[in-house]
> 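First the structure, then my questions, so here it is.
What's counted below: heavy atoms across the whole structure, side chains too, no hydrogens, waters or symmetry copies. The sequence lines fix the lettering, A, B, ..., with proteins before strands; numbering per chain opens at 1.
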2 protein chains.
Amino acid sequence: MQREEFFESLKRKGYRLTGRRKEIVDFLLSQTDRYITAKELIEHLQKRHPTLSFETVYRNLHTLRDEGFIEESRFAGETRFRIPCCPTHHHHFVCISCGRTYVMDHCPMPAVEDIPEGFTVLQHRFEIFGICAGCRQGREIPDWAESRTPTEVTSSTCPKH
Amino acid sequence: MQREEFFESLKRKGYRLTGRRKEIVDFLLSQTDRYITAKELIEHLQKRHPTLSFETVYRNLHTLRDEGFIEESRFAGETRFRIPCCPTHHHHFVCISCGRTYVMDHCPMPAVEDIPEGFTVLQHRFEIFGICAGCRQGREIPDWAESRTPTEVTSSTCPKH
DNA sequence: AATTTAATCGTAATGATTATCATTTAAGAC
DNA sequence: GTCTTAAATGATAATCATTACGATTAAATT
């Protein structure tokens, strides 16, 4: 979603286009290929705008999330946010070292056949966590990743984005 | 995994079988069909053992997690833990109302074919969130669930556990 | 029973997130 | 352009989950 489109959409929903809101959205739009933490966002924006408050950042992130504009994920012990890189439904390979996400075409839901009657599906989450090629060189695998029940999976070729 | 087996395994890894550890594991073993929060665990155990400290609970949960004995998930704004209901690899339908989990046979990993060369897969996460039949009656869908980008998925039949 | 050291307790500290309320400011009306 | 008003913000304090610390307890081994 492009910047102007994004702001139009916010406005249509009755939100005001404040300076802060625009700064926050602009930064998110500049980072659509990875998840960022609230802290990263604040630190980045406070360089130019020292008076920016935590409250404002969290309030905006949650507003955007609740309106479906941003995705939230949590890994390596931190909650992270991002604006989806593209509007179509998809899942990610997430690099736990740099937070970058790589689009995967596959969605598991069509193959799920054992949801019983009376159960309501609201959401699903499918993410593969690992180390991307860029981070592979020169970085160790973080402790938290090695220490948890790993999944032995053999993989194959070629991402996107 | 049964109780004695569990304790044996802990002991083999060099951990002591303390009273607190056993109480914590026993409670987890009594709740293998759902995720519980650290708070729930503490509140339950403090009824009988008022001196139980937060420190001990968190330390044990993390020890158990790091040794691969318990799974961690986060939804509805809270971090939750559980001992897997069975040792084979599987994923869950998670009821966001009661936290109960229902085993699904399907694992999406074999169908994933677009992981590029140089990328290392460490883990994957596939969860379906929704409302189970039991909770469907008499409960509303929580706010947090309705407010996020929902996934429109049609489903079919019959869970386990 | 004595020894060793992991595990625990109690408390304080940390870090992330949320609440309060006075003040500011975007958006629409005039 | 000015006025109005309600949303958004900033500053601060509060809350909540989680972690750290140092003294004490107790499991496991001798």
Side-chain angles (χ1 to χ4, degrees), chain A residues 4 6-27 35-46 48-67 69-70 72-81 143-144 147, chain B residues 4 6-27 35-46 48-67 69-70 72-81 143-144 147:
Chain A
E4 298 312 322
F6 203 105
F7 290 150
E8 258 317 298
S9 183
L10 270 176
K11 202 154 183 184
R12 265 197 306 279
K13 286 171 182 276
Y15 294 102
R16 292 183 181 173
L17 296 185
T18 64
R20 289 293 185 248
R21 183 112 67 200
K22 283 192 257 187
E23 288 158 16
I24 290 168
V25 167
D26 279 338
F27 184 57
Y35 280 101
I36 60 172
T37 61
K39 200 177 155 203
E40 277 182 279
L41 179 53
I42 289 165
E43 280 171 0
H44 176 87
L45 292 181
Q46 281 191 340
R48 289 166 175 277
H49 314 280
T51 63
L52 175 69
S53 73
F54 279 72
E55 234 294 286
T56 301
V57 169
Y58 279 108
R59 194 166 5 79
N60 273 287
L61 285 175
H62 292 163
T63 297
L64 291 169
R65 182 196 60 198
D66 293 347
E67 292 296 341
F69 290 117
I70 64 181
E72 191 179 327
S73 186
R74 192 183 163 86
F75 54 89
E78 293 185 288
T79 303
R80 294 144 195 270
F81 305 87
D143 289 343
W144 74 268
S147 61
Chain B
E4 298 311 324
F6 203 106
F7 290 150
E8 259 315 298
S9 184
L10 270 175
K11 201 155 183 185
R12 265 198 305 279
K13 286 171 183 275
Y15 294 102
R16 291 184 182 173
L17 295 186
T18 63
R20 289 293 186 248
R21 184 112 68 200
K22 284 193 257 184
E23 287 158 17
I24 290 167
V25 167
D26 278 338
F27 185 57
Y35 279 101
I36 60 171
T37 61
K39 201 178 155 203
E40 277 182 279
L41 179 53
I42 289 163
E43 281 171 0
H44 176 85
L45 291 181
Q46 280 192 340
R48 290 169 173 275
H49 315 279
T51 64
L52 175 69
S53 74
F54 280 73
E55 236 290 289
T56 300
V57 169
Y58 278 108
R59 193 167 6 77
N60 273 286
L61 285 175
H62 293 162
T63 297
L64 293 169
R65 181 196 61 199
D66 293 347
E67 291 297 341
F69 290 118
I70 64 181
E72 190 179 327
S73 184
R74 192 183 162 88
F75 54 90
E78 292 185 288
T79 303
R80 293 143 194 269
F81 305 87
D143 288 345
W144 73 268
S147 62

> OP1, OP2 of dA7(C) versus side-chain N and O of R20(B): anything below 4.0 Å?
no
> Rounded to whole angstroms, how far apart are NE2 on H49(A) and C1' on dA8(D)?
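So the NE2-C1' distance, H49(A) to dA8(D), works out to 16 Å.
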> Between dT18(D), dT8(C), dG10(D), which nucleotide has the shortest distance from any of its atoms to the side chain of A38(B)?
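Closest of the options to the side chain of A38(B): dT18(D).
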> Report yes if the distance between the aromatic ring centroids of F6(A) and F69(A) is under 6.0 Å, otherwise no.
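Aromatic pair counts; centres sit under 6.0 Å.
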> Give the rounded distance in Å between these two atoms: CZ of F81(A) and P of dA16(C).
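Result: 12 Å.
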> Would you kindly say whether E67(B) and Y15(B) are connected by a side-chain donor-acceptor distance under 3.5 Å?
yes
> Mind calculating the distance between CG (L41(B)) and P (dT18(D)) to the nearest angstrom?
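Answer to the nearest Å: 12 Å.
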> Could you check whether any side-chain heavy atom of R48(B) comes within less than 4.5 Å of a side-chain heavy atom of E23(B), counting everything from C-beta outward?
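Not touching, per the 4.5 Å side-chain cut-off.
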> Got a sec, which residues hit side-chain contact (heavy atoms from CB on, under 4.5 Å) with R12(B), two or more places apart in sequence or on another chain?
E8(B), S9(B)
> Please check: side-chain N/O of R21(B) versus main-chain N/O of N60(B), any donor-acceptor pairing under 3.5 Å?
no
> Write down the distance between CD (E78(B)) and P (dT18(D)), rounded to a whole number of angstrom.
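Taking atom P of dT18(D) as the reference, CD of E78(B) is at 8 Å.
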> Rounded to whole Å, please give me the gap between CG in L64(A) and P in dA8(D).
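That distance rounds to 11 Å.
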> Restricting both atoms to N or O, compile the protein contacts to nucleotides 11-14 of chain D shorter than 3.5 Å, with distance only.
residue: dA11(D); atom: OP2; partner: T51(A); partner atom: O; Å: 3.2

> Ignoring hydrogens and geometry, is there a side-chain-to-backbone donor-acceptor pair from T56(B) to L52(B) under 3.5 Å?
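No, T56(B) side chain to L52(B) backbone: no donor-acceptor pair under 3.5 Å.
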> Whole-Å distance between dA17(D) C1' and I42(B) CD1?
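Rounded to whole Å, this separation is 9 Å.
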> Are R80(A) and F75(A) in a cation-pi contact, defined as NZ or CZ under 6.0 Å from the six-membered ring centre and within 45° of the axis?
yes
> Would one find more than 12 heavy atoms of other residues, nucleotides or ligands at under 6.0 Å from atom CZ of F54(A)?
no
> Please give, in whole Å, the distance from dA7(C) P to K22(B) NZ?
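Nearest whole value for this atom pair: 14 Å.
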> Dump every N/O contact between nucleotides 26-28 of chain C and the protein below 3.5 Å, one line per pair.
residue: dA26(C); atom: N3; partner: R16(A); partner atom: NH1; Å: 3.2
residue: dA27(C); atom: OP1; partner: L17(A); partner atom: N; Å: 2.8

> Less than 4.0 angstrom between a side-chain N/O of R59(B) and OP1 or OP2 of dT19(D), yes or no?
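No.
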> Say whether, by atom type as modelled, one donor and one acceptor occur between the side chain of E40(A) and the main chain of T37(A) under 3.5 angstrom.
yes
> Give the rounded distance in Å between these two atoms: CD of E43(A) and P of dA16(C).
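Checked: the CD to P distance equals 9 Å.
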> NA contact type, H62(A), heavy-atom cut-off 4.0 Å: base, sugar-phosphate, or nothing?
sugar-phosphate
